[in-house]
Amino acid sequence: MVRRLKRYHPPGTSPGTLPETGVRASFELFTYGSKGVSKTSAPSVAAALALPRERGWLRITGLDNRAVAELGKRLGVHPLVLEDILNPGQRPKAETHASYLFFVVDVPALTEVGLEEVQVSLLVFSDLVVSVEEKPNPFFATVEKRLALGSGRLFQFGSDYLAYALVDAAVDHFFPVLEKLGERLEGMEEVLLQQHDQILPQLHQLRRDLLRLRRSLWPLREAVGALLREESPLLSPEVRVFVRDVQDHVLYLLDILESYRETAASLLELYLSTVAQRTNEVMKVLTVIGTIFLPLTFIVGVYGMNFQHMPELAWPWAYPALWAIMVVLALGMLRAFRRRGWL
Amino acid sequence: MVRRLKRYHPPGTSPGTLPETGVRASFELFTYGSKGVSKTSAPSVAAALALPRERGWLRITGLDNRAVAELGKRLGVHPLVLEDILNPGQRPKAETHASYLFFVVDVPALTEVGLEEVQVSLLVFSDLVVSVEEKPNPFFATVEKRLALGSGRLFQFGSDYLAYALVDAAVDHFFPVLEKLGERLEGMEEVLLQQHDQILPQLHQLRRDLLRLRRSLWPLREAVGALLREESPLLSPEVRVFVRDVQDHVLYLLDILESYRETAASLLELYLSTVAQRTNEVMKVLTVIGTIFLPLTFIVGVYGMNFQHMPELAWPWAYPALWAIMVVLALGMLRAFRRRGWL
Amino acid sequence: MVRRLKRYHPPGTSPGTLPETGVRASFELFTYGSKGVSKTSAPSVAAALALPRERGWLRITGLDNRAVAELGKRLGVHPLVLEDILNPGQRPKAETHASYLFFVVDVPALTEVGLEEVQVSLLVFSDLVVSVEEKPNPFFATVEKRLALGSGRLFQFGSDYLAYALVDAAVDHFFPVLEKLGERLEGMEEVLLQQHDQILPQLHQLRRDLLRLRRSLWPLREAVGALLREESPLLSPEVRVFVRDVQDHVLYLLDILESYRETAASLLELYLSTVAQRTNEVMKVLTVIGTIFLPLTFIVGVYGMNFQHMPELAWPWAYPALWAIMVVLALGMLRAFRRRGWL
Amino acid sequence: MVRRLKRYHPPGTSPGTLPETGVRASFELFTYGSKGVSKTSAPSVAAALALPRERGWLRITGLDNRAVAELGKRLGVHPLVLEDILNPGQRPKAETHASYLFFVVDVPALTEVGLEEVQVSLLVFSDLVVSVEEKPNPFFATVEKRLALGSGRLFQFGSDYLAYALVDAAVDHFFPVLEKLGERLEGMEEVLLQQHDQILPQLHQLRRDLLRLRRSLWPLREAVGALLREESPLLSPEVRVFVRDVQDHVLYLLDILESYRETAASLLELYLSTVAQRTNEVMKVLTVIGTIFLPLTFIVGVYGMNFQHMPELAWPWAYPALWAIMVVLALGMLRAFRRRGWL
Amino acid sequence: MVRRLKRYHPPGTSPGTLPETGVRASFELFTYGSKGVSKTSAPSVAAALALPRERGWLRITGLDNRAVAELGKRLGVHPLVLEDILNPGQRPKAETHASYLFFVVDVPALTEVGLEEVQVSLLVFSDLVVSVEEKPNPFFATVEKRLALGSGRLFQFGSDYLAYALVDAAVDHFFPVLEKLGERLEGMEEVLLQQHDQILPQLHQLRRDLLRLRRSLWPLREAVGALLREESPLLSPEVRVFVRDVQDHVLYLLDILESYRETAASLLELYLSTVAQRTNEVMKVLTVIGTIFLPLTFIVGVYGMNFQHMPELAWPWAYPALWAIMVVLALGMLRAFRRRGWL
Ligand SMILES: [Mg+2]
Ligand SMILES: [Mg+2]
Ligand SMILES: [Mg+2]
Ligand SMILES: [Mg+2]
Ligand SMILES: [Mg+2]
Ligand SMILES: [Mg+2]
Ligand SMILES: [Mg+2]
Ligand SMILES: [Mg+2]
Ligand SMILES: [Mg+2]
Ligand SMILES: [Mg+2]
Ligand SMILES: [Mg+2]
Ligand SMILES: [Mg+2]
Ligand SMILES: [Mg+2]
Ligand SMILES: [Mg+2]
Ligand SMILES: [Mg+2]
Ligand SMILES: [Mg+2]
Ligand SMILES: [Mg+2]
Ligand SMILES: [Mg+2]
Ligand SMILES: [Mg+2]
Ligand SMILES: [Mg+2]
Ligand SMILES: [Mg+2]
Ligand SMILES: [Mg+2]
Ligand SMILES: [Mg+2]
Ligand SMILES: [Mg+2]
Ligand SMILES: [Mg+2]
Ligand SMILES: [Mg+2]
Ligand SMILES: [Mg+2]
Ligand SMILES: [Mg+2]
Ligand SMILES: [Mg+2]
Ligand SMILES: [Mg+2]
Ligand SMILES: [Mg+2]
């Protein structure tokens, strides 16, 4: 949870200062249009942008400060935008600039060590989309495949549609993650009702994961909403319909997320109530046993005393009589317990 | 809860791709107008749409991807809408398109295995309503009957009124479900106050069901509200009054749902407090018994020791004196307990 | 809580269908104006409306479907409004129609069997107010008296002021109910701090009653607000000031209601904490007694054994020495408990 | 909490009916302007208003229905406003009328018997401010002193500034009350961590006091906001800046109030957790002692039996061997407890 | 928490009255522009403002009432603004005045004694920024350094950019504080799962710190938002983009703060559940031991009695038989416990 907070500049650093990330990115340029599609790996941003293209998608993988600076210089991107691109852990957001749209999204991935987020930034120009991805990821493989087909809506509409397709693919990756967490939740529910006790740390972890997903999804909702409200000419009416569909997905994800969060909270309450009820049962057993045998043990202790003058000890029927008294006492207490509903 | 999340496409699939559902739908066309009513079963969408009609209702039961694709082609429906129709578990919503309105609603049904939702999609054209229902259901039987009468508001107004009548019938089906859950809640309340303990899992299940209903109702409220706010010519002022009545019902259902949710939460708190209080009572009994008999048992243990030099053992009045001491001790402790309010 | 949900039509019934209530209403017409006031009992709606009047108030007591249908026919009231009038348990609301205003309010009454609501519907025409009351009730007696005086604002303003006076009288009846619940709450608070245990079911019942009142008051706030926002010519500026005062009362009632709800919730938490703390005290007593006497009882048990070779038994000072040891042990444990703050 | 609800009219009373309070007020008129300041006690409203004045402040102390009625008649104040003035326990509010502004505020005072509220009503005319105070109070002493100086902003601006100065002085009296409650909260925090147990009723009382303050502050925020939003010519732009400052104070008070409420809630949770943890510790001690000594006591009980055929009793090394066994058993159990972290 | 509430004037003091702080401030004037940068320490506000400057930053450290009064007189600042500058503990806010903007922010610092806030006030004129800092602090060191460079955006834009840079630097100081609290939270999480018990007071302290930070951050969000919404000519469009970035940071900080608060609440619930579960385990051990040994001890007590007529005592196989019975009894109970899942 704290991880993302770490890589901030020293307070007061000039805004728009690009951090020295020490990372070298990889560059792929997809050019497509009436003449078909081609995919070229380039050694640098400069090289990629120098390639001829009708429409293009520059895919940058890795937070490479030199490449991002180059990008800023060549495409006229605001330094604050460049800074956001290089700082993973941004709040998802959409910004409308004069010649481009800027969009950041945080895509979750369930790895072996837990939930992880990968930041994806998009710059949408009228004939070019630049994507910068924090690390290698499988999010856009399907979009590449659809592009390779050489026809379809990607070719029909402008670069806004390509950008939409990328955001849509990113949002789609929330579904399997949420599904996984939902399965864990269901697993815990079953286990809980069968009285296993290792569930508490797991439940707490799950609640943290849900909280983290929420931090990615809530601002995303605002971001997509802002995009739909603003009147940028970079977003055509046809593509706007598709963006509305992404908004739908985000709202749907949030619905489910919130209901998981409520279920998890209610599960903890169920746990607490279950434990309280079991403790109650345990105590009832102890109390029944104690209430019956402590007095009886006292009684037999009395006749275990060694006083020289204890007349009862000599009575011949004293021993069976005492047994009778004790049995009556025990039965009486059992009846009292039954009346109270403790048995 | 997770069920609905399952049938999504692989992330990144081209939007508007219709899933291969493997389902074959049934088709019924109701034509009605000045010449009366007729109902015809058709083998396909194409066949149904080819039938002559003044005004019509095409009722499709089953999520049949071929039929829906045909529908899209013939009536000019947007691929994203077709996709939503085929994916059950949509968030309820209303969309205004140029030549039609699109409305999705999730109708709950209490089956033997629990709460289940059936998705109903409506496409409202100026002279035609198409309904696509996820599975066979009793929701629209009464509308069919009213249509069969051959007169009434269904004949007086346009296809917007028919659409309204369908939505109204769907919303009406929330009432008996909510009533059932309310009865369960009342049942638990009574049982709880009589100390039965199997209530926890049932209460948890009820809370989940309420959460699920809520996920159907909240977006429905937004959807109907959106319909009322937007200025589509497809919705006439006369019918608008009726839609306001549906909104009323939805708000009413939400009021009750929320109060059930609060009651259920308060019931769990009541349970926890009740268990805590019972544990307290159990412990008081044990403590009273233990506090009285542990010291007494110690005392009689003392005079059960076998030391050769224990002068008390020889005193003739020692035994009755000890009894007296023990009785005084016990009575003193009982008085102390009474003063503390433990008895 | 569930009661109100019962009398809905079968799902899908034609909207505006009036239920067969089997109730026969009573009818009173008050005519008033420059020539004074007169009150006439009429056998039917038709008879009442046929009476001559300057301004009038038709008071209908009882949900009589035939009378309401007649009302609709003669005064041109929308079927959905008629349906709402006949279905008790409506959400309070205000609707502006072309020639009349429609207002529903749910007035609570504390009867012997608990909280009950009586639905009151008002139709406000330019020269006539029609009130339909679910059952006989004392709500409007004071308004009748004020009318009987033959002068005052009721005569100065139009029928909107009469309608306002009726709503005001209805809202006023929330005050004594809320006061009663507040007194119960205070009573519980006192009892709770004196350790009586029958409070839980009562507290739960009170929370339910508050929840129910809230379901009447929240929509009422919206309804009065809607009336104030809309620009109906049926509501004159002078009377508008008075309606603002009703809004004030509703807001004030809601303030108090919400603070009662919070107090009740906080009372339950107080209860739980109090019980937990008492259990803690009970356990401390048991633990102190047990910790002192279980070891001592063990020790005396040792010297109650019958081994032939137990040299201590023969030592002359063994018995007093053992007493000394046991006293020291007990005192040591008491000191340890005091240091821990358990005594 | 319920006190304020008591003095309402019987439901349905004509609105604007002034209650017979049986109180006689005192009247002071401050006249001020270019010719300096003068303060006169007057026997009645009529007498006070008859005095010559440039600008004036009529200070009425006591809810005197005759005086308020007179005020209404002479200054043209709406009957509903007069009614509000005479009914303490009003929701704080601001109303703009044609020739005057009406403002009500509820000022808290911590008396020996607890938190009490004093209602202050202000009527602001272009050259006169009338204040009606529920009972004698120290709220406006400083404003009187500032007025007595004969110069300053009170003389520079109109009567709106005087009204502002009064509201500001009233709001300022929330600070010491909140500070006092804050100190109590801090006191409880310290006490709680040192295990004293009388804290629960006090904490509950504090939560109620905070809830009550909140009922005074939240509507006050709305009231001041309404004043700032509305365009009354009675409020000059210069004074508007000052009213913004009052709004600031109210918001600040609300911030602190809400954080106190959260702290108090969190304190109760802390309490519950602390008690649970202490009970756990107490139980551990009892369980350790019980688990060690119950088996040992059983063992020595065995050899205290009087069977004639118990060969062990005759073995010479039986007694020391048994001691050895018991010591080993006890140490083993201690080790098991240490491993579980119970010691 | 209460500290900040202390230094208010007596209620009713004339607004804009400057408190006698008894503090003497230090003054530094930075002049910068086309001729480079210079930094001069001045003995007073008057001396500093008399220095020639192109653009300037007057940095005042210490809440010196004489200096602030002087500032007001020379620069025409409203008395209420001067009062706010001198009263630490202001709600963060932004105010637009005719010739200047006023901005207050509360910057947190984690000192050895806990969380502390330092108030920073900014007055932004067209060619001058005045900052008043409550006490010496490291917040603006980096801005000084950037200014000393003699070039960059600080020289390119107007004094609005300098003001932005200062606010940005202040907001940046929230990051390390929040990170520290996040680390503490993580530390507690680990400790909690390992059963250490000193965590409760620490967790409570952390919740209070988070609550305090929140009181600084929420109004800050409003303040920056107000700045962005208002149309002051003092804020140029170029700098507005940068202010949007500050808003971003504030939103991000709030996201994290809220998720910490939720995690802390959920940690307390985890704690409570963990303690309840451990108490349950402790009780199970005691109950198992008690249930086995209390009856056995009773039995051996029976045969420790000294009645003369106890035939069993003479039976030769009585002793081994009794052992057998007791072993069977104990095993039976162990099996019952295992079946209940208590072992
Ligand atoms: Mg940024
Ligand atoms: Mg994130
Ligand atoms: Mg976020
Ligand atoms: Mg959704
Ligand atoms: Mg939703
Ligand atoms: Mg919770
Ligand atoms: Mg969709
Ligand atoms: Mg949904
Ligand atoms: Mg759904
Ligand atoms: Mg409703
Ligand atoms: Mg509602
Ligand atoms: Mg809860
Ligand atoms: Mg209706
Ligand atoms: Mg309702
Ligand atoms: Mg109701
Ligand atoms: Mg209110
Ligand atoms: Mg109120
Ligand atoms: Mg609650
Ligand atoms: Mg709780
Ligand atoms: Mg009033
Ligand atoms: Mg009040
Ligand atoms: Mg109030
Ligand atoms: Mg504030
Ligand atoms: Mg504040
Ligand atoms: Mg609470
Ligand atoms: Mg101020
Ligand atoms: Mg602060
Ligand atoms: Mg604040
Ligand atoms: Mg953020
Ligand atoms: Mg954020
Ligand atoms: Mg909580």
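FYI, side chains are in, hydrogens and waters are out, and symmetry mates aren't considered; it's all heavy atoms of this structure. Owing to the predicted nature of the structure, the values given are computational and were not obtained by experimental measurement. In what follows, chains carry the letters A, B, and so on, assigned in the order in which the sequence lines appear, proteins first and then strands, with residues in each chain numbered from 1.
- Between B:P316 and A:Q308, every side-chain heavy-atom pair lies at or beyond the 4.5 Å cut-off.
- Salt-bridge formation is detected for the pair B:R214/A:E262: a Lys NZ or Arg NE/NH1/NH2 atom is positioned less than 4.0 Å from an Asp or Glu carboxylate oxygen.
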Report the C-alpha distance between B:R208 and A:E186 in whole Å, list the side-chain angles of each, state the deciding distance to 0.1 Å, and finish with yes or no for salt bridge (charged side-chain N to carboxylate O under 4.0 Å, His left out). CA-CA 12 Å; B:R208 284 188 55 166; A:E186 295 235 316; 3.3 Å; yes
For A:T291 and B:V288: C-alpha separation, side-chain torsions, deciding distance, then whether side-chain contact (heavy atoms from CB on, under 4.5 Å) applies. CA-CA 9 Å; A:T291 304; B:V288 166; over 6 Å; no
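- For the residue pair A:V241 and B:L80, the shortest heavy atom distance occurs at O-CD1, 3.8 Å.
- By number of non-hydrogen pairs under 4.5 angstrom with chain A, the leading residue of B:L322, B:V285, B:N306 is B:V285.
- Between A:R244 and B:E95, at least one side-chain nitrogen of the basic residue sits less than 4.0 Å from a carboxylate oxygen of the acidic one, meeting the salt-bridge criterion.
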Would you please test B:Y319 and A:E312 for side-chain hydrogen bond (donor to acceptor under 3.5 Å, both in side chains) and show each step? CA-CA 11 Å; B:Y319 178 57; A:E312 301 98 313; 2.7 Å; yes
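- The aromatic ring centres of B:H78 and A:F242 sit less than 6.0 Å apart.
- Inter-residue side-chain proximity for A:D248 and B:Q90 is flagged as met; some heavy-atom pair is nearer than 4.5 Å.
- Classification of the A:F298-B:W323 ring pair by plane angle, with boundaries at 30° and 60°, yields perpendicular.
- Counting heavy-atom pairs closer than 4.5 Å to chain A, the top residue among B:G301, B:A318, B:P79, B:P15 is B:P15.
- Heavy atoms of A:L286 lying under 4.5 Å from chain B belong to its backbone as well as its side chain.
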Stepwise side-chain contact (heavy atoms from CB on, under 4.5 Å) test for A:S266 and B:H204: CA-CA 7 Å; A:S266 138; B:H204 183 66; 3.1 Å; yes
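- Proximity to chain A is absent for every atom of B:I292, based on heavy atoms less than 4.5 angstrom apart.
- Identified by a heavy-atom distance below 4.5 Å to chain A, the contributing residues of residues 325-332 of chain B are B:M326, in residue-number order.
- Of all the listed residues (A:G290, A:G304, A:P295), the one sharing the greatest number of non-hydrogen pairs under 4.5 Å with chain B is A:P295.
- With a 4.5 angstrom heavy-atom cutoff, B:A276 does not touch chain A via any of its atoms.
- For chain B, the option among A:V246, A:L267, A:V143 with the highest count of heavy-atom pairs below 4.5 Å is A:L267.
- Here the side chains of B:R207 and A:E269 are in contact, with some heavy-atom distance below 4.5 Å.
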